[in-house]
Amino acid sequence: MNEAYAIPAVAAVVLVTVLIGGFGLRISRTTSDFYVASRTVGPSLNAAAISGEYLSAASFLGVAGLVLVYGPDMLWYPVGYTAGYLVLLVFVAAPLRRSGAYTLPDFAEGRLESRQVRTVVSVLVVGVGWLYLVPQLQGAGLTLQILTGAPRWLGGALVAAVVVLAVAAGGMRSITFVQAFQYWLKLTALLVPAFFLLLAWHRDGGAPPAFPAVPDLPASGAGAGQPIATSRADHPLYATYGLIVATFLGTMGLPHVVVRFYTSPHGRAARRTTVFVLALIGFFYLLPPLYGWLGRLYAPELTHTPDADAAVLLLPGRAVGGLGGDLLGALVAGGAFAAFLSTASGLTMAVAGVLSQDVLPARGVRHFRLATVLAMTVPLGGTLLVSAVPVADAVGMAFAVSASSFCPLLVLGIWWRRLTPPGALAGLLLGGGSALAAVTLTFAEVVRSGWLHTLLAWPAVWSVPVGFLAMILVSLATPGSIPPHTSATMTRLHLPESLTVRQTAAAAEGGSTSPPGTKSTPSGTSTPSGTSTPSGTSFPGSTSSTGSTSTREGR
Amino acid sequence: MHRLPRHRTQWEIDEQTTLGAAYVRSLMRSQLRAGIAAFAVLALPVVTLPLFFAALRNATVVWVVLGFGCYPLLVLIAWWYVRRAERNERDFARLVRGTDPPGTP
């Protein structure tokens with residue numbers, strides 16, 4: 001690949017991202033309320049923003065790499081990433097928007113009225129966020145290495161630095177335009193080269209690539225120790241189901257996904273937005289498998305290296321070649337960096353928000369910045385430790401933890417009145433905790449073969465039922481601790497806004513009434529009206545009047 | 001009661017009377033039914049497809065179904081669900097407004 005074009009492309013993406021972020025910051029400062037302003041954004045633009053944040057390194061590079069090595073069975077990854085939004089739509093989208101919760105800990109505390117549950121959810125959010133950040137940084141390292149030959153850690157460090165600077169400066173607030181721009185950039189970066197790749201493929205004779213029935217695993221070399229591949233080879237059907245359960249049920253709990261839902265003006269728009277998101281993401285996912293398919297023809301040697309994720313980056317140069325190949329390669333590289341930046345900044349915001357509010361002792365701008373650094377340092381360290389896991393597989397593990405902890409919490413919390421704080425705690429700790437432990441053991445390569453190894457590498461099949469069962473059984477055993485305001489909370493979650501518009505002016509302006517336990521403490525870098533903080537540390541809609549009301553009445 | 005519409009239009013719901021709670025429960029039930037129906041339409045093929053693919057051993061079918069065919073279907077299910085959920089809410093709003101206690105503003 002020709003560095004002369006690729007490096008400017010990457011630099012341009014980074015620069016444009018920071019510039020739009022800074023520009024949006026200025027707009028949001030002059031608007032009376034940033035979040036009210038963003039509520040005027042229609043579902044289509046909002047959906048592009050959600051999709052832009054969601055399509056990560058795993059989607060952009062990982063899917064094609066896995067398809068190239070393991071064949072069409074890996075298509076369950078993009079299907080699962082997409083279908084997760086459908087599950088989110090039918091069970092969670094509108095009630096989550098109506099809850100007024102900006103983060104998962106907010107939702108947990110608002111629904112269950114328990115600080116303890118909030119703390120456990122916070123810890124899990126940080127864990128899932130870090131698990132999800134590691135592959136983003138890995139992907140960045142791989143991309144930069146292929147572009148310039150730089151050492152593997154440099155790309156991760158570069159993305160980490162840009163994200164920390166942008167988020168800490170406040171320039172990467174949940175700005176709809178940046179993320180929407182990133183979606184269209186990523187789509188273009190795969191769509192345009194795909195067109196030329198197909199032309200080149202047709203010119204070369206148009207023979208379909210041959211995928212062996214049994215994927216030839218990297219038996220030797222750097223990829224051999226890769227823990228997930230061996231488990232997949234041992235029990236492919238179980239691995240497929242593990243992947244399906246994790247991605248279908250895990251999407252709803254991803255920290256950066258939940259934050260985005262508050263930008264919808266009301267529950268109905270949240271639903272419609274999700275349909276747009278499904279369409280946009282589904283359209284995008286038509287492309288990565290094509291790269292994997294063509295990669296089998298033009299870059300078959302990648303199957304024997306641990307760097308199959310590089311297929312998308314290498315293909316334009318291999319298939320098209322010449323100046324055109326270089327330019328298309330630069331476009332793809334730019335798109336890849338857009339993927340790392342958008343997802344990493346969304347995740348860093350979510351993790352830093354939770355860290356600054358629930359973990360670090362004091363609040364305020366300085367501590368939010370400290371939390372940002374902390375939120376990025378840990379996954380950056382993790383990147384150096386685990387380097388052999390393909391990005392899509394590593395992301396799959398974050399989905400598994402989310403599916404076994406947050407999915408039961410959200411689904412039962414929204415639809416089941418008898419959920420109690422002890423029940424929620426039991427489900428989170430047993431389901432999420434066991435999934436987290438399984439993932440950690442897999443990364444540490446404690447067990448290397450056999451059924452136990454497979455069970456640990458794909459925990460969702462057993463840990464999701466464990467989470468649900470623990471939550472239900474312990475809740476039934478502790479009927480005395482049903483939160484006192486459950487009925488009112490349920491009403492708020494499910495009542496359409498058309499029936500609740502006649503409220504006090506303040507509440508109406510905020511879009512929803514504020515749940516119990518709302519902290520009106522402005523933390524992080526608060527927007528002028530104090531309605532919300534970009535760090536996700538307080539409920540939007542908790543204007544000082546409603547906030548104080550709920551503090552007085554809720555506790 | 002706190003955190004609820006304070007105007008008297010949806011008096012039963014606002015004051016959390018038994019009747020109001022029953023209204024909300026009926027809305028939740030209809031919405032949950034819609035959600036479970038959509039989820040079932042998604043889950044049934046998804047649970048059986050891996051077994052089907054394993055038995056079939058035809059990669060082309062897998063490519064077509066998972067690579068292209070499923071995405072329009074997902075959007076279609078989502079669209080159907082949204083229509084039904086919004087209809088449920090409209091029906092509910094009509095029901096609540098129609099049973100306003102006399103004398104409400």
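Atoms considered below: every heavy atom in the structure, side chains included; atoms not considered: hydrogens, waters and symmetry mates. Numbers restart at 1 for each chain; the letters A, B, ... are given by sequence-line order, proteins then strands.
Between B:Val24 and A:Arg417, the shortest heavy-atom distance links the atoms CG1-NH2, 3.9 Å. For the pair A:Pro78 and B:Tyr71, the tightest heavy-atom approach, listed with the atom from each and the gap, is CB-OH, 3.3 Å. The two residues B:Tyr81 and A:Val90 come nearest to each other via the heavy atoms OH-O, 3.2 Å. Minimum interatomic distance between A:Leu286 and B:Gly67 (heavy atoms only, all atoms of both residues): CD2-O, 3.3 Å.
Interatomic distance, A:Trp76 CH2 to B:Leu49 CG, rounded to the nearest 0.5 Å: 4.5 Å. Expressed to the nearest 0.5 Å, how far CD of B:Glu89 lies from CZ of A:Arg268 amounts to 8.5 Å. From A:His494, atom NE2 reaches atom OG of B:Ser26 across 12.0 Å, with rounding to the nearest 0.5 Å.
With a threshold of 4.5 angstrom between heavy atoms, B:Leu27 approaches chain A through side-chain atoms but not through N, CA, C or O. Heavy-atom distances place both the backbone and the side chain of B:Phe68 under 4.5 Å from chain A. If you measure heavy-atom distances from B:Arg25 to chain A, the contacts under 4.5 Å come from both the backbone and the side chain. Using a 4.5 Å cut-off between heavy atoms, A:Leu237 contacts chain B through its side chain alone, with no backbone atom that close. Using a 4.5 Å cut-off between heavy atoms, B:Leu42 touches chain A through its side chain atoms alone. For chain B, the nearby part of A:Val67 is the side chain; its heavy atoms alone come within less than 4.5 Å. For chain B, the nearby part of A:Ile414 is the backbone; its heavy atoms alone come within less than 4.5 Å.
Just one residue in the list B:Val62, B:Leu66, B:Val64 forms a side-chain contact (heavy atoms from CB on, under 4.5 Å) with A:Pro72, and that residue is B:Val62.
The stretch residues 277-290 of chain A participates, sequence neighbours left out, in these side-chain hydrogen bond (donor to acceptor under 3.5 Å, both in side chains) pairs: A:Ser59-A:Tyr285.
Ring pair A:Trp293/B:Trp63 is perpendicular by interplanar angle, where above 60° counts as perpendicular and below 30° as parallel.
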request  = Please lay out, stage by stage, how B:Val75 and A:Phe283 fare under the test side-chain contact (heavy atoms from CB on, under 4.5 Å).
outcome  = CA-CA 10 Å; B:Val75 178; A:Phe283 185 59; over 6 Å; no

request  = Check the pair B:Ile36, A:Phe91 against side-chain contact (heavy atoms from CB on, under 4.5 Å), reporting the backbone distance first and the verdict last.
outcome  = CA-CA 8 Å; B:Ile36 288 177; A:Phe91 289 130; 4.1 Å; yes

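In terms of heavy-atom pairs under 4.5 angstrom with chain A, the leader among B:Pro50, B:Ala54, B:Ala43 is B:Pro50.
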Can you give me every donor-acceptor pair (side chain of residues 272-279 of chain A, partner residue at least two apart or in another chain, under 3.5 Å) with its distance?
unit_1, atom_1, unit_2, atom_2, d
A:Arg272, NE, B:Glu86, OE2, 2.8
A:Arg272, NH2, B:Glu86, OE1, 2.8
A:Arg272, NH2, B:Glu86, OE2, 3.4
A:Thr273, OG1, A:Ala269, O, 2.6
A:Thr274, OG1, A:Ala270, O, 2.6

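At least one side-chain heavy atom of B:Phe92 sits under 4.5 Å from a side-chain heavy atom of A:Leu495.
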